[in-house]
Amino acid sequence: MAPNLGAMDGIGKIFGLNYHATLFGAPVIFPMNGYLSSVIPIIVAVWLAAKLEKWVKPRMHALVKTFLTPFIVLLIIVPITFIVLGPIMSAFSSFVSTAFDTIMGISPLLAGLVLGAVWQILVIFGLHWALVPIAILQIGTQGFTSVLSSTFAASFAQTAVVLAIFLKTKDKKLKSTALPAFISGIFGVTEPAIYGITLPRKRYFAISCIGAAVGGALIGWRNIKGYIMGGLGVFGFPSYINPETNDISGMLWTFFAVAVAMIVSFVLTMIDYRDDKGSVSVAQSGDNSTLKAQGEVKLSGKKIEVFSPLKGKTLALKDLADPAFSTGAMGLGVAQLLYKIRN
């Protein structure tokens with residue numbers, strides 16, 4: 001987008017808002033700082049364009065669809081974006097940002113506590129991306145953001161839990177998984193820790209959320225601001241240095257909050273962690289002709305019958321060529337060799 005679009009002088013008013021240009025005679029209302037620093041209007045416009053493209057493309061002849069499809073899509077989407085979507089989404093972004101600021105103004109400690117506690121849950125479902133555009137919008141409009149500051153301690157709380165598990169477990173396989181997960185977690189990549197270690201052991205994932213909530217509350221209490229969308233993990237601390245005044249107090253308090261979050265998570269895990277004492281044994285049987293291939297799994301004295309819904313032969317994992325499964329690195333189980341279906 002041309003940078004001077006948002007800098008044009010107002011030429012009229014509609015609904016009490018200044019508009020700076022017209023498109024096909026319709027007034028175009030720009031956000032206060034233009035669209036250059038906005039995110040949500042762009043996301044919605046591209047989403048709508050993708051829907052429109054799916055409808056337009058099948059109706060185009062093969063000889064012209066390559067260039068005519070995007071031409072028609074842009075011809076429709078651009079006016080709609082400037083006249084309708086842009087103003088609406090900009091107003092919505094401002095409303096959400098204002099609402100969050102209002103909550104922070106009422107009780108920054110409570111806002112930080114809640115956001116810190118649920119952040120990792122939002123990450124699991126991918127819902128955390130809803131807050132990122134708001135943070136980018138705030139940085140673009142006011143030079144700083146408080147939206148994501150309270151979530152910063154979450155990855156460190158998760159990492160502290162993994163470290164405690166690494167130190168306490170007698171399981172060699174779990175140790176070999178926990179160490180690299182701890183290292184990657186220090187640098188902000190917590191997926192190996194979450195999906196490989198804590199989430200399957202739900203109580204320890206909950207402990208990491210408790211630690212993250214404590215750290216988030218401390219950060220929210222001081223209303224720590226982030227000034228850039230910085231790196232993850234240890235690379236994110238400089239994000240809390242005020243570039244205008246070179247004030248590092250925000251970064252130092254973040255260090256403190258992260259340390260508290262890690263201590264809480266580490267201590268609770270060290271106190272609570274026990275290796276799973278349940279022994280697991282798998283007996284398997286199968287043949288080449290029957291649909292049903294059943295096995296018996298014993299977990300802590302409980303018996304579970306497992307049936308295959310597909311026709312084939314049941315194999316032990318150790319008989320597979322893939323070392324990821326045959327060595328048991330992906331866990332216990334059986335393999336099913338399926339028969340090829342011929343027409």
Side-chain angles (χ1 to χ4, degrees), residues 1 3 6-7 31-43 89-90 92-120 122-123 127-159 185-190 212-262:
M1 177 175 291
M32 184 178 298
N33 293 297
Y35 287 110
L36 293 177
S37 59
S38 64
V39 177
I40 294 179
I42 299 169
I43 292 175
M89 289 300 102
S90 295
F92 174 75
S93 299
S94 299
F95 170 77
V96 173
S97 177
T98 302
F100 183 83
D101 287 341
T102 301
I103 296 174
M104 288 290 293
I106 296 173
S107 178
L109 188 149
L110 179 60
L113 178 74
V114 173
L115 194 55
V118 303
W119 179 249
Q120 295 180 94
L122 297 178
V123 169
L127 299 176
H128 64 299
W129 291 111
L131 295 177
V132 174
I134 300 174
I136 296 175
L137 176 70
Q138 287 187 334
I139 291 177
T141 56
Q142 61 190 23
F144 59 85
T145 179
S146 301
V147 172
L148 300 180
S149 299
S150 298
T151 70
F152 186 70
S155 64
F156 293 97
Q158 181 72 224
T159 304
I186 289 294
F187 297 101
V189 181
T190 56
V214 174
L218 290 173
I219 293 174
W221 178 43
R222 292 291 295 269
N223 196 18
I224 300 300
K225 299 177 177 62
Y227 297 91
I228 60 172
M229 297 296 290
L232 302 175
V234 294
F235 299 117
F237 285 106
S239 304
Y240 303 100
I241 299 176
N242 189 329
E244 299 292 333
T245 62
N246 293 323
D247 182 11
I248 65 171
S249 60
M251 183 181 69
L252 295 179
W253 184 261
T254 304
F255 269 124
F256 170 72
V258 165
V260 173
M262 294 186 72

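The structure displayed is predicted, hence computed values, not measured ones. Just the heavy atoms: all of them, side chains too, but no hydrogens, waters or symmetry mates, feed the values below.
With rounding to the nearest 0.5 Å, the separation of CG in L122 from CG in L115 is 7.5 Å. How far OH of Y227 is from CD of Q138: 12.5 Å, rounded to the nearest 0.5 Å. Taken to the nearest 0.5 Å, the CD1 atom of I219 stands 12.0 Å off from the CG atom of L113.
Using a distance-only test at 3.5 Å, with no hydrogens or angles considered, a donor-acceptor pair links the side chain of S149 to the main chain of I224.
Annotation for T159 and S155: closest pair OG1-O, 2.7 Å, computed over non-hydrogen atoms. In terms of heavy atoms, A212 sits closest to Q120 at CB-NE2, 4.3 Å. When every heavy atom of G112 is checked against every heavy atom of S150, the shortest pair comes out as CA-OG, 3.3 Å. The minimum heavy-atom distance linking L232 with G188 is given by the pair CB-CA, 3.7 Å. When all heavy atoms of A135 and T145 are compared, the pair lying nearest together is CA-OG1, 3.6 Å. What you find for A153 and A261 is that their closest heavy atoms are CB-CB, 4.0 Å.
Heavy-atom neighbours of W253 CH2 from other residues, nucleotides or ligands within 6.0 Å: above the threshold of 12.
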Audit row: N242, K225, side-chain contact (heavy atoms from CB on, under 4.5 Å) steps and yes/no: CA-CA 8 Å; N242 189 329; K225 299 177 177 62; over 6 Å; no
(Q) Would L148 and W119 count as a side-chain contact (heavy atoms from CB on, under 4.5 Å) here? Give the steps. (A) CA-CA 9 Å; L148 300 180; W119 179 249; 3.8 Å; yes
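With sequence neighbours excluded, the residues that form a side-chain contact (heavy atoms from CB on, under 4.5 Å) with F187 are I183, V234, F235.
Under the 6.0 Å cut-off for aromatic ring centres, F156 and F237 qualify, their centroids lying closer than that.
Considering F144, F256, F152, F255 as possible partners of Y240, the one that fulfils the ring pair (Phe, Tyr, Trp, His ring centres under 6.0 Å) test is F152.
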